[in-house]
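Presented below is the structure to which this report refers.
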There are 2 protein chains.
Amino acid sequence: MKPRITLKKIASEFGVSISTVSKALKDSHEISEETREKIKAFADYYNYKPNSLALQLRNQKTSVIGVIIPEIVHHFFSTVIDGIEQYATKKGYNVMVCVSNESYEKEVSNFSVLTNGSVDGLIVSIARETQHKNEYSHFEGLIKDDFPLVLFDRINEELACDKVIIDDVGGAFKATNHLIENGAKKIALLTTQDFITVGSLRKEGYLKALHKNGISVDENLIYKIDDNKDLYEQIKKVIFVKNPPDAILAVNEIYAANALKIAKERKLSIPNDIAIIGFTDGLISEFTSPPLSEVVQHGFEMGQQAAELLIKRIEQTDASEFKKEVISTNLKIRQSTLSTK
Amino acid sequence: MKPRITLKKIASEFGVSISTVSKALKDSHEISEETREKIKAFADYYNYKPNSLALQLRNQKTSVIGVIIPEIVHHFFSTVIDGIEQYATKKGYNVMVCVSNESYEKEVSNFSVLTNGSVDGLIVSIARETQHKNEYSHFEGLIKDDFPLVLFDRINEELACDKVIIDDVGGAFKATNHLIENGAKKIALLTTQDFITVGSLRKEGYLKALHKNGISVDENLIYKIDDNKDLYEQIKKVIFVKNPPDAILAVNEIYAANALKIAKERKLSIPNDIAIIGFTDGLISEFTSPPLSEVVQHGFEMGQQAAELLIKRIEQTDASEFKKEVISTNLKIRQSTLSTK
DNA sequence: TATAAACACGAAAACGTTTTCGGAACGTTA
DNA sequence: TAACGTTCCGAAAACGTTTTCGTGTTTATA
């Protein structure tokens, strides 16, 4: 690569000092019009642009936001990144993306790479393994130094920082309620293992709705799916039983889509024999038959909110209270829950 | 945010020079064991890490790869990023992601932000508007300076740089052939507008297969979808006609999924009345009924290849020929093309 | 004509690092 | 004791920028 042109080179070209060149390019009145013009013309011709590393070092500011997510090939997470990126760009920031791949170790190493001065702040959704280990010392190190940090979706309540979550409890509550209103009596819950916060919150909403409607809880209807094992086989055990449930609430789209597929394999009519609703991350729901009802997650808004909180935190001069923003959900009703009876 | 600890602070703590501290932390034999140990203990206690901006400036190397893509909420592109990110991480690079949103202006502004010294090289998939305008001066500026650049998927043949594409012609050829082998006589092509390179290449493969099988080309069966207009309505015009085609090749998953949905609305039996195959970007195909056959694109390998080419280019000392890697495709056959007759 | 203001520019510090070179202090050897 | 080698450390340059504070020259004012 050809070396880029610098102030120094321009200066030596005209036999003036570096500071003269810098001022000339900034249209400073300290420099005579004549000098100014010739320097600007030259810089323009050679397409001079200030080296951003040098600026970052001098200003002690990178204008870069670091983002650490568990996965990137994932509709929800990529939607959140989209929100972050758009808001950041609008505010003059760039986005550096790292993927933890659900691994504690990779998360820690991402932390250490990004917090060496290359970003002004961090937006993180916690890796599954980290939640499992319950090991947060890498976060605490940052928090001790007041490093700008925003957690989203997979958060930890204990950590003292800004947070953005969706209304998981409310979303599951609404969805369960909707199933009950449409006649469901025996609602299975397809959730994650307990240590995933969003999974347990959605379970809470599910239980709340059962309770409110006077339906007793059957622990056998609560299935904790292990993402490391075969989804299809696990969900098969929910549906290929003697008396299958008459409705299913799944905590994500993949569980729901698999449930639908399997229910059809068992020749169950949807939604008449079994209604299905999922939390949505994606495009699948629209194209299944029947199309899947879903709890809409608004990942884009979530990303924007996270970026807004972070940038405020970065640019503020004196510390303020940590905020926790809750993005509300809504239902998108499609045929998988709308009884045709 | 608390100011980070620097060599200077450590030096003043012990009344030694900055260079002594630097050497001590690097276990230099120039520094006495005693001094070394106490400095290292102190640095360790305060969790000293070298400021990466300073290092980047000094070494004239950022170890950051810039990526500019048209969209991020997109299965194919996010898969490519995944490949880039994983390879980059393995090689000690970080990834900075910018989204052009299919806009020429945003692409240009992304270019100018990223090439100010904040990245060592760039991986780009060209925005739709840029291809439409046929305006590549921002690329040419970089190429003139031998800036490390890799294009993928949406490329421009004229630009002198490394490239990675999938075998679009071959993929479409295989898919069309497959349709013909399963009895199709009247195959519609759902493609993009001409200026999108991948669209026209896939059209080429389609034509080639027709030709080879002695089927004459009917221009009326080639539909150029405009992504800015309503997809559903456009695709409806393909299927709700007097004599609908008996097979459809779609150049992406969304077109295919919509076609399938619409064909079902017209009560056509799939694949007996109409067979459908798409190029895949996603998860939808697996969950439609019947599941969609697809041309598999291998986005992850594409990302890895792109990153590998770029990093080689960055680290090489003397210029070498530009390479064009072609990732081969394969068919994933599902029920949407497997006649049950 | 002496003094002040205006103009045009340069020197140097600062951001945080690494590395080369030089040098003082001490010990060893002929 | 003169010459030489070690050992241990500091000064300074370099990466590229911005900005403060001089400073010398010219022009205007009293």
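Below, chain A is the first sequence line, B the second, and so on; all start at residue 1.
- In this structure, A:L55 reaches the sugar-phosphate backbone alone: every heavy-atom distance under 4.0 Å involves primed, P, OP1 or OP2 atoms, never a base.
- Axis deviation across the helix from C:dT1-D:dA30 to C:dA30-D:dT1 amounts to 80°, comparing end segments of five pairs, rounded to 10 degrees.
- A donor-acceptor pair shorter than 3.5 Å cannot be found between the side chains of A:E37 and A:T35.
- Checking the phosphate oxygens (OP1, OP2) of D:dC8, no side-chain nitrogen or oxygen of B:S32 falls inside 4.0 Å.
- Enclosure of atom NZ in A:K49 by more than 12 non-hydrogen atoms of other residues, nucleotides or ligands within 6.0 angstrom is indicated.
- At a cut-off of 3.5 angstrom, the base of D:dG16 holds no donor-acceptor pair with the side chain of A:K49.
- Within the structure, a side-chain polar atom (N or O) of A:Y48 is placed less than 4.0 Å from OP1 or OP2 of D:dT17.
- DNA chain C is contacted by both B:K8 and A:K23; A:K23 maps to the nucleotide lying nearer its 5′ end (nearest heavy atom per residue).
- The side chain of B:S19 places no N or O atom within less than 4.0 Å of a non-bridging phosphate oxygen (OP1 or OP2) of D:dC9.
- For the pair B:R58 CZ and C:dG16 C1', the interatomic distance rounds to 11 Å; values are reported in whole Å.
- Side chain B:E30 to base D:dC9: a donor-acceptor pair is found below 3.5 Å.
- Ionic pairing of B:K312 and B:D162 is not present here: no N-O contact between side-chain nitrogen and carboxylate oxygen is shorter than 4.0 angstrom.
- At the phosphate of D:dG16, neither OP1 nor OP2 sits under 4.0 Å from any side-chain N or O atom of B:Q56.
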